[in-house]
Protein chains: 4
Amino acid sequence: MEDRTNRPEPEAPKTRRIKPAEVRLDELMSAAEQLFLAKGVDSTPINDIVALAGVAKGTFYHYFASKNELLAAMRARYTAQFLNRLETSMSHCEADDWLGKLAAWIRETIEAYAETYRLHDIVYTNHHHHNRSNPDKNAMLDQLQAMLEDGTRSGAWTVAQPRITALLIYAGVHGATDDLIASQEADHQAFIRGVIADCLRLVGVEENPA
Amino acid sequence: MEDRTNRPEPEAPKTRRIKPAEVRLDELMSAAEQLFLAKGVDSTPINDIVALAGVAKGTFYHYFASKNELLAAMRARYTAQFLNRLETSMSHCEADDWLGKLAAWIRETIEAYAETYRLHDIVYTNHHHHNRSNPDKNAMLDQLQAMLEDGTRSGAWTVAQPRITALLIYAGVHGATDDLIASQEADHQAFIRGVIADCLRLVGVEENPA
Amino acid sequence: MEDRTNRPEPEAPKTRRIKPAEVRLDELMSAAEQLFLAKGVDSTPINDIVALAGVAKGTFYHYFASKNELLAAMRARYTAQFLNRLETSMSHCEADDWLGKLAAWIRETIEAYAETYRLHDIVYTNHHHHNRSNPDKNAMLDQLQAMLEDGTRSGAWTVAQPRITALLIYAGVHGATDDLIASQEADHQAFIRGVIADCLRLVGVEENPA
Amino acid sequence: MEDRTNRPEPEAPKTRRIKPAEVRLDELMSAAEQLFLAKGVDSTPINDIVALAGVAKGTFYHYFASKNELLAAMRARYTAQFLNRLETSMSHCEADDWLGKLAAWIRETIEAYAETYRLHDIVYTNHHHHNRSNPDKNAMLDQLQAMLEDGTRSGAWTVAQPRITALLIYAGVHGATDDLIASQEADHQAFIRGVIADCLRLVGVEENPA
DNA sequence: CATGAATGAGCCTTCATTCAT
DNA sequence: GATGAATGAAGGCTCATTCAT
């Protein structure tokens, strides 16, 4: 039964602070995020996370069943924030300004992704699930596809196969941004304009060269 | 004593076969591929690889400095084969049939990727290097970008920013194919046609609906 | 948050029911018994016990100072019930029917042990105390030894060294029953008759083969 | 892939001595035996075992797949030695001296068990397998049963149900010896004589009180 | 009486890599 | 070239127990 009674007398009583679960969760996830960013997931032991969060190791396992569940929670949080940025950005366009919304979607995706790609890599590099059929990514994809369909209905553009076009835009913009990131170019504006131009072509809108 | 029998087996085959390096390399990589596919990279110890290849553990380290170098070699092999498929497919088009070449590139990328995505994941899921600025992927990207530029020069289409358009096509096609894979749809033809149609639009070619 | 959901459930029943200690004790012991039987002692955390019993973890420690004390309580309960069965069985014999009492003791020991051996193993497999000099077992041994001495005084049999003979019968019957259990033989009667015959011989009573 | 390359330069080269598997196995098992006897199985980490055996921790797992397998190997070794003692002891009797052999079996069982019961407890207290239908114990039981049958055929005694009688003797002698051990009586001779006397009665041999 | 968040010591196991033969 | 015994750093996870509320 593994007698664990031989405990040395506690030197410092180590004030045991009880905090709301919400706060603990956030502290743990933030500590993990910081360390994962600095040293990588595999090189960050749970020990370091709890040390930075200022809790005992058992507390970590009180909130997360495993390191992978922590990653899953971070992934959900990351995606929610990403989606939020996109929606906020698009909300500044008039309701019927479909071209503006699409441009905002692209611009914000590029900016947000370029800012957060390191965290993106951390939460999405999952050894056990593939990117394919990822529920979180699907949320963003569905958002984009819905926009393409709405725009088609409104006559803003013509998209015959909204799913495929949404996929091309979604994956294309992310993949292109990977190249932007790799280029280390500080000014993103030219790149963004270029991507928007191509995507407009893709939905059948030719910009007037004026 | 890799099977952890606590009795040494008195009868060991002990035949020390010397084979050409080329053969050993291939046997080791194929054994690794098989096991990586079956159990994942992290869950496949070198022990298992050498056991399947029928060599001693030390032999592995004669040929690969580390497990990561094995992965790098597998990655190079994978990419070379992939590129090869693309080139073979495009070589069936007339030299000036740019639309045909682009369609072939897309079609073959989708087919090849759908067939080999599991191996793709294995060799490209590298915890230490990001997809961004990956030399192997760049080879394919450059190939595509060159084609877009050549086609523009020949008047087959007009692509104002070949780098960006190549990125969108490259990443878009792969990302869209991830969705095809996830859908488990057996017939790829409709999907392929849809992607080609969108990509043609992207390079400024409107298909005649004839 | 014992199920390790990383979202606190807003709706918790939170009904703090106060029950008589006796009931709580019983509920905890029964929950433990069920889980110990199903998964083993070492693989059953206190968490699971309290969850099944429907109380908080701290409540467990109100009633038992430790997991080991729970086991001790279960052991006492087990032994008391076992002794009870033996006494009830023997009470059906006439006061001076020593052979009948001995046979009843053996028969009931075999039946009871065969029925409850799994619980027996749980409460008696104690990593820290050995079977040797176990106070609970001693109660049964003393009961048997007293019977042997009484029967000798009454001339029912002759047992020169009651302690040794009691030990042989006690341990022998249990050990033999282990074999019966292992054999999975459903009909115990032949076995019981065989054991009784041997034990009678042991106390110097030759059965007439009539 | 858990880069384990960040290894600090080795201070002491720690001469790596290769020994025959047989020797390593024995050193590991003997180190374990010593520590298990001193501190108990659960309180002895593998670390301590390898430290005492003078090998690296990995070496332990080179020879035993788990701590439990070590225990299994120790159990097999224990039983083999025990059986050996019994056979050696009986071999000193004349081939047809069945009473002598039975007495030798009992005497040696008691002596050997009293000497080694602590190790017996260690190797037989298995959390996962029950004593019932234990292959190692069966070897001794079969040995005893065969002897009873041979003796019956030779007319040395009459045992109607050799399996049951063997079980009673086997389990009875061990259980009785547990009591001897608990009593801490240094002189075992009286006890041994008493047990032998009872067992002879059990096989139908009345000693002449001369 | 009852709660359950928090504690933290502890250990088994894995496996990439080395090197004496 | 080939072998495989030996190395040893590293970390995820469990769970009995405590105690502030």
Side-chain angles (χ1 to χ4, degrees), chain A residues 1-8 10 13-21 24 42-48 50 55-63 65-68, chain B residues 1-2 12 14 16-19 21 24 42-48 50 55-63 65-68, chain C residues 1-2 12 14 16-19 21 24 42-48 50 55-62 65-68, chain D residues 1-8 10 13-21 24 42-48 50 55-63 65-67:
Chain A
M1 197 168 301
E2 300 287 344
D3 246 330
R4 296 167 188 183
T5 322
N6 45 349
R7 195 164 297 178
K14 228 72 171 183
T15 45
R16 181 196 300 217
R17 288 243 151 269
I18 293 186
K19 295 187 185 178
R24 281 277 193 249
D42 284 340
S43 302
T44 301
I46 304 293
N47 271 343
D48 289 9
V50 296
V55 297
K57 203 192 287 199
T59 303
F60 177 90
Y61 285 94
H62 191 62
Y63 288 97
S66 68
K67 201 180 186 180
N68 269 333
Chain B
M1 201 161 295
E2 276 321 320
K14 259 315 196 286
R16 175 193 293 212
R17 289 243 154 268
I18 295 183
K19 293 187 183 178
R24 283 275 193 247
D42 284 342
S43 304
T44 300
I46 304 291
N47 271 348
D48 289 9
V50 296
V55 297
K57 206 186 296 196
T59 305
F60 177 90
Y61 285 92
H62 269 299
Y63 292 98
S66 69
K67 199 180 185 181
N68 271 333
Chain C
M1 201 162 295
E2 277 322 319
K14 260 311 194 291
R16 177 192 290 210
R17 288 246 154 265
I18 295 184
K19 293 187 183 179
R24 282 275 193 247
D42 283 342
S43 303
T44 301
I46 304 291
N47 271 347
D48 289 9
V50 296
V55 297
K57 206 188 293 195
T59 305
F60 177 90
Y61 286 92
H62 269 300
S66 69
K67 199 180 186 182
N68 271 332
Chain D
M1 196 170 301
E2 299 287 341
D3 249 329
R4 296 167 189 185
T5 321
N6 46 349
R7 195 164 297 178
K14 227 73 171 183
T15 44
R16 179 196 303 219
R17 288 243 151 269
I18 292 185
K19 294 188 184 178
R24 282 277 191 247
D42 284 340
S43 304
T44 300
I46 304 293
N47 271 344
D48 290 8
V50 296
V55 297
K57 203 190 284 198
T59 304
F60 177 90
Y61 285 94
H62 191 63
Y63 287 98
S66 68
K67 201 179 185 181

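Here the structure is a predicted model, which is why all the values come from computation and not from measurement. Here is how names work: the chains are called A, B, and so on, in the same order as the sequence lines, proteins then strands, and each is numbered from 1.
Whole-Å rounding puts the D42(D) CG to dC15(F) P distance at 13 Å. If you take OH of Y61(D) and P of dC11(E), they are 12 Å apart, rounded to a whole angstrom. Distance, I18(A) CD1 to dG4(E) P: 11 Å, rounded to whole Å. Straight-line distance from the CG atom of D48(D) to the P atom of dG10(E): 12 Å, rounded to whole Å. Atoms CG (N47(D)) and P (dA10(F)) sit 14 Å apart, rounded to a whole Å. Spacing between atom CD1 of I46(D) and atom C1' of dT7(F) amounts to 16 Å, rounded to whole angstrom units. Rounded to whole angstrom, the span from the NZ atom of K67(C) across to the P atom of dT18(F) amounts to 15 Å.
Closest to the side chain of K57(D), out of dT13(E), dT17(E), dG12(F), is dT13(E). The side chain of A56(D) approaches dT7(F) more closely than any other nucleotide in the set dA6(F), dT7(F), dG12(F). Checking dA16(E), dT13(E), dG12(F) against the side-chain heavy atoms of S66(D) singles out dT13(E) as nearest. Taking the side chain of T59(C) as heavy atoms from C-beta on, and the options dT7(F), dA2(E), dT13(E), the nearest nucleotide is dA2(E).
Nearest-nucleotide positions on DNA chain E place P45(D) closer to the 5' end than the other of F60(B) and P45(D). Comparing K19(D) and G58(A) by the nucleotide of DNA chain F whose heavy atom lies nearest to each, the residue mapping closer to the 5' end is K19(D). Each of T44(D) and P20(A) has a nearest nucleotide on DNA chain E; the 5'-most of these lies closest to P20(A).
At the heavy-atom level, V55(B) lies under 4.0 Å from the strands shown only through sugar-phosphate atoms.
Stem analysis of DNA chain F (at least three stacked-register Watson-Crick or G-U pairs, each with both distances under 3.5 Å) gives E:2-21 with F:2-21.
Of all the heavy atoms in K19(A) and Y63(A), the pair that sits closest is O-OH, 4.4 Å. Nearest heavy-atom pair across K57(A) and N47(A) is CE-OD1, 2.6 Å.
Distances shorter than 4.0 Å separate none of the side-chain N or O atoms of H62(B) from OP1 or OP2 on dA2(F). When the side-chain nitrogen and oxygen atoms of R24(A) are compared with OP1 and OP2 of dA5(E), none of them lie within a distance under 4.0 Å. For the pair Y63(D) and dA6(F), the criterion of a side-chain N or O lying under 4.0 Å from OP1 or OP2 is met.
F60(C) pairs by the side-chain contact (heavy atoms from CB on, under 4.5 Å) definition with L28(C), I46(C), V50(C), F64(C), L70(C), not counting sequence neighbours.
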